[in-house]
Amino acid sequence: MAFAIALLCLLLTGLLGIIIFTAYTNKLARHSARARHAIIKNLGISTTSNPQFIGFFHPYCNAGGGGERVLWTAIAATQRAHPNCVSLVYTGDVDATKEQIIAQVEARFNISLDPKSLHFVFLKRRRLVEDAAWPRFTLLGQSLGSMFLAWEALSQVIPDLYIDSMGYAFTFHIVAWITKGSIPMGAYIHYPTISTDMLARVKARKVGHTNRGDVAGSLVLSRGKMWYYRFLMYHYSLALSRPSFIMANSSWTKNHVDAILSHSDPVMNVMHFLNPLFILQLHVDSASKKPEANIVYPPCDTREMAQFPLDERERIILSIAQFRPEKDHSAQLRAFAQLLADHPAYTSGSSSVQLFLLGGARNADDHARVQSLRDLAEKLKITPYVQFIEMLGWLAMASIGLSTMVDEHFGINVVEFMAAGVIPVTHASGGPLHDIVVPLDGEATGFHARDPQSFANAMHTVLSMSKSEQRAMRTRARTWAVSAFAEERFVEGWEAAWKGWVI
């Protein structure tokens with residue numbers, strides 16, 4: 001009898017939850033309908049045209065990086081190919097106006113946008129997806145923060161098609177719940193939030209960017225983190241199974257996404273079905289076939305850089321990357337210090353070599369990271385030979401392009417190196433290894449390395465090459481970069497991926 005009463009209470013609680021949930025989502029739908037009407041009126045679009053709203057979730061749309069080039073190229077292509085669509089950009093850049101963002105896109109990427117079919121939905125709680133907001137359990141915190149940010153976004157206006165273009169897959173849960181699964185979703189993935197490599201690194205207790213030394217050195221902490229990662233991986237796989245289509249920016253990313261989609265964990269499965277919200281999930285979720293990621297290389301505007309001369313280069317090693325921890329700029333400083341230690345002649349006279357680090361800083365943490373890099377350069381006694389700069393004109397003068405990030409998902413900076421005639425020396429992993437710095441007609445287009453010594457050796461090889469050998473390699477690198485990663489290839493891939501989901 002007691003069991004029957006408990007079961008009845010559980011069912012009634014679930015039913016009440018469904019009623020409250022349905023009433024709330026219906027209220028959001030009515031508010032969204034009014035907001036859409038206001039947007040159409042504000043843009044000067046005829047209300048009888050019934051435009052399709054395409055939502056792009058990109059909290060840092062004004063950052064000016066490679067991910068933003070993907071966003072704006074996709075929106076510009078949408079405006080050309082689908083003039084009856086309105087592009088909604090969900091962004092946390094509340095310190096900029098629509099006009100300022102459009103002008104920044106024009107200045108930074110040379111991409112022209114039509115303001116008459118573009119609307120910004122500004123989000124006030126972007127701090128919830130920043131590293132600083134979650135000093136512990138960062139991935140979980142940012143994932144939960146992105147879900148709250150998605151709720152804020154759709155509370156303002158609900159699109160007809162939702163696309164996460166920045167890697168916040170957990171937002172798909174919120175979109176599905178708020179819309180009751182009524183709108184299609186898509187993703188462009190630059191880098192998986194968590195990967196099988198990360199699980200393997202924790203299991204092997206190997207120190208890395210995502211596995212601190214104190215954790216790797218403790219059996220108890222490593223086991224605890226393994227459970228934490230298993231929980232994240234399971235729910236990340238569930239989130240990625242929701243979109244109707246997925247685009248990956250490289251073969252490395254595609255392979256990892258496909259592995260995540262096929263991931264299974266019986267223990268987490270049981271825990272998931274014991275979730276008190278399971279009844280509500282049954283009300284919202286519908287069975288669907290898991291998508292498969294398609295490779296769509298990001299657009300790389302190589303036209304201007306491809307005009308740079310290939311001869312008369314200065315002995316400059318150039319690095320282009322935002323000052324984020326995963327870019328591993330410290331490895332570049334150590335590799336350069338090793339190069340100077342191995343070849344003292346590179347410190348003076350006509351053989352002298354300099355390292356230029358060019359990059360952007362997003363926030364206070366990034367600015368602090370730049371200062372720590374300056375301190376490291378001083379500690380390594382290479383300060384006179386290292387400069388932190390912000391001028392892309394150095395691409396026309398540099399000889400070597402240096403990239404040390406491990407498992408770089410793609411590497412637009414490496415493509416830019418090659419298009420500009422700068423010989424790339426990159427880490428032997430990820431996109432630079434499998435997609436970008438690959439042989440052309442059986443001959444090398446650059447070099448790969450794994451540690452300071454091998455990086456130093458590769459840089460020395462380039463610096464020791466004859467002018468004719470350098471020119472031949474620069475020509476091959478440019479030919480491959482311009483042909484494989486042109487904006488036209490990206491637009492073709494993007495249109496093919498979402499074909500059938502947009503009018």
Side-chain angles (χ1 to χ4, degrees), residues 305 308 310 312-361 366-406 408 411-428 432 436-437 446-465 470 473-474 477:
M305 288 176 281
F308 294 162
L310 296 175
E312 304 303 325
R313 293 284 176 141
E314 296 186 26
R315 295 170 72 80
I316 292 171
I317 300 169
L318 183 65
S319 165
I320 301 179
Q322 288 184 329
F323 291 106
R324 304 203 306 264
E326 66 270 20
K327 296 300 182 180
D328 206 358
H329 286 86
S330 60
Q332 299 178 5
L333 295 177
R334 292 190 174 91
F336 185 65
Q338 186 67 53
L339 175 69
L340 298 186
D342 291 348
H343 306 280
Y346 290 161
T347 62
S348 61
S350 59
S351 298
S352 65
V353 180
Q354 286 189 300
L355 171 63
F356 285 12
L357 286 84
L358 185 155
D366 286 356
H367 285 292
R369 196 166 291 113
V370 173
Q371 183 56 51
S372 70
L373 291 170
R374 293 183 188 275
D375 295 341
L376 177 59
E378 185 173 351
K379 180 181 178 181
L380 295 172
K381 299 180 180 180
I382 59 174
T383 300
Y385 316 105
V386 178
Q387 293 190 41
F388 294 82
I389 59 175
E390 297 183 1
M391 293 175 57
L392 281 175
W394 288 104
L395 278 169
M397 294 180 276
S399 295
I400 298 173
L402 185 60
S403 177
T404 52
M405 179 177 173
V406 179
E408 170 71 85
I412 285 181
N413 59 325
V414 179
V415 174
E416 291 177 339
F417 286 150
M418 298 168 74
V422 181
I423 296 176
V425 177
T426 76
H427 194 275
I436 303 175
V437 187
F447 297 87
H448 301 106
R450 294 187 180 276
D451 52 49
Q453 187 62 65
S454 57
F455 271 103
N457 293 343
M459 289 186 285
H460 174 62
T461 299
V462 177
L463 294 168
S464 303
M465 292 168 66
Q470 285 193 8
M473 182 170 286
R474 296 185 202 284

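Nothing fancy with the numbering, it's 1 onward along the sequence.
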A.B. asks: How far apart are the closest heavy atoms of A428 and H448, and which atoms are they?
C.D. replies: CB-CB, 3.7 Å
A.B. asks: Could you measure the distance from the CG atom of N457 to the CG atom of D342? Nearest 0.5 Å is fine.
C.D. replies: 6.5 Å
A.B. asks: Under the side chain to side chain contact (heavy atoms under 4.5 Å, CB included) criterion, do S399 and I316 qualify, and how do the steps go?
C.D. replies: CA-CA 6 Å; S399 295; I316 292 171; 5.9 Å; no
A.B. asks: Verify, without hydrogens or angle tests, whether R315 (side chain) and S351 (backbone) share a donor-acceptor contact under 3.5 angstrom.
C.D. replies: yes
A.B. asks: Taking S464 for the side chain and T461 for the main chain, is one N or O donor matched with an acceptor at less than 3.5 Å?
C.D. replies: no
A.B. asks: Is any side-chain heavy atom of V370 closer than 4.5 Å to a side-chain heavy atom of F388?
C.D. replies: yes
A.B. asks: Before you tell me yes or no, could you show the steps for M397 and F356 under side chain to side chain contact (heavy atoms under 4.5 Å, CB included), namely the whole-Å CA-CA distance, both residues' side-chain angles and the distance that decides it to 0.1 Å?
C.D. replies: CA-CA 11 Å; M397 294 180 276; F356 285 12; over 6 Å; no
A.B. asks: About how many Å separate CE of M305 and CD of E416, when rounded to the nearest 0.5 Å?
C.D. replies: 4.5 Å
A.B. asks: Could you check D451 against S454 for side-chain hydrogen bond (donor to acceptor under 3.5 Å, both in side chains), going step by step and ending with a plain yes or no?
C.D. replies: CA-CA 5 Å; D451 52 49; S454 57; 3.0 Å; yes
A.B. asks: Please round to the nearest 0.5 Å and tell me the distance separating atom CZ of F336 and atom CD1 of I400.
C.D. replies: 9.5 Å
A.B. asks: With the side chain counted from C-beta on, respond yes when W394 and E314 share a heavy-atom pair under 4.5 Å apart, and no when they do not.
C.D. replies: yes
A.B. asks: Distance alone, cut at 3.5 Å: any donor-acceptor contact between the side chains of Q338 and R334?
C.D. replies: no
A.B. asks: With rounding to the nearest 0.5 Å, note down the distance linking CG in L310 to CD in Q470.
C.D. replies: 10.5 Å
A.B. asks: Would L355 and L333 count as a side chain to side chain contact (heavy atoms under 4.5 Å, CB included) if you check the C-alpha gap in whole Å, the side-chain angles of each, and the deciding distance to 0.1 Å?
C.D. replies: CA-CA 8 Å; L355 171 63; L333 295 177; 3.9 Å; yes
A.B. asks: Considering all heavy atoms of both residues, which atom of A398 and which atom of L318 are nearest to each other, and what is their separation?
C.D. replies: CB-CB, 3.7 Å
A.B. asks: Using only atom types and a distance under 3.5 Å, with no angle test, would you say the side chain of S403 pairs donor to acceptor with the backbone of V414?
C.D. replies: no
A.B. asks: What's the spacing between R374 CZ and Q371 CD if we round to 0.5 Å?
C.D. replies: 6.5 Å
A.B. asks: How far does CG of L463 sit from OH of Y346, to the nearest 0.5 angstrom?
C.D. replies: 4.5 Å
A.B. asks: State, with a plain yes or no, whether a side-chain heavy atom of T426 is found less than 4.5 Å away from one of E408.
C.D. replies: no
A.B. asks: Can any side-chain N or O of H329 pair as donor or acceptor with the backbone N or O of R369 at less than 3.5 Å?
C.D. replies: no
A.B. asks: Between D375 and S372, do the side chains contain an N or O donor and an N or O acceptor separated by less than 3.5 Å?
C.D. replies: no
A.B. asks: Would you say the side-chain atoms of E378 and T383 include a donor-acceptor pair closer than 3.5 Å?
C.D. replies: no
A.B. asks: Would you confirm whether Q354, through its side chain, and I317, through its main-chain N or O, come within 3.5 Å as a donor-acceptor pair?
C.D. replies: no
A.B. asks: Would you name the heavy atoms of H427 and M405 that are closest together and state the gap between them?
C.D. replies: CB-O, 3.3 Å
A.B. asks: Please check this pair: side chain of T404 against backbone of D328, looking for a donor-acceptor N/O pair closer than 3.5 Å.
C.D. replies: yes
A.B. asks: Would you name the heavy atoms of S319 and F417 that are closest together and state the gap between them?
C.D. replies: CA-CZ, 4.1 Å
A.B. asks: Establish, yes or no, whether a centroid distance under 6.0 Å links the rings of H343 and H460.
C.D. replies: yes
A.B. asks: Counting distance only, does the side-chain N/O of N413 pair as donor-acceptor with the main-chain N or O of I320 below 3.5 Å?
C.D. replies: yes
A.B. asks: Which atoms form the tightest heavy-atom contact between Y385 and V353, and what is the distance?
C.D. replies: CB-O, 4.0 Å
A.B. asks: Could you tell me which non-hydrogen atom of M418 sits nearest to which non-hydrogen atom of P424, and how far apart they are?
C.D. replies: CG-CG, 3.7 Å
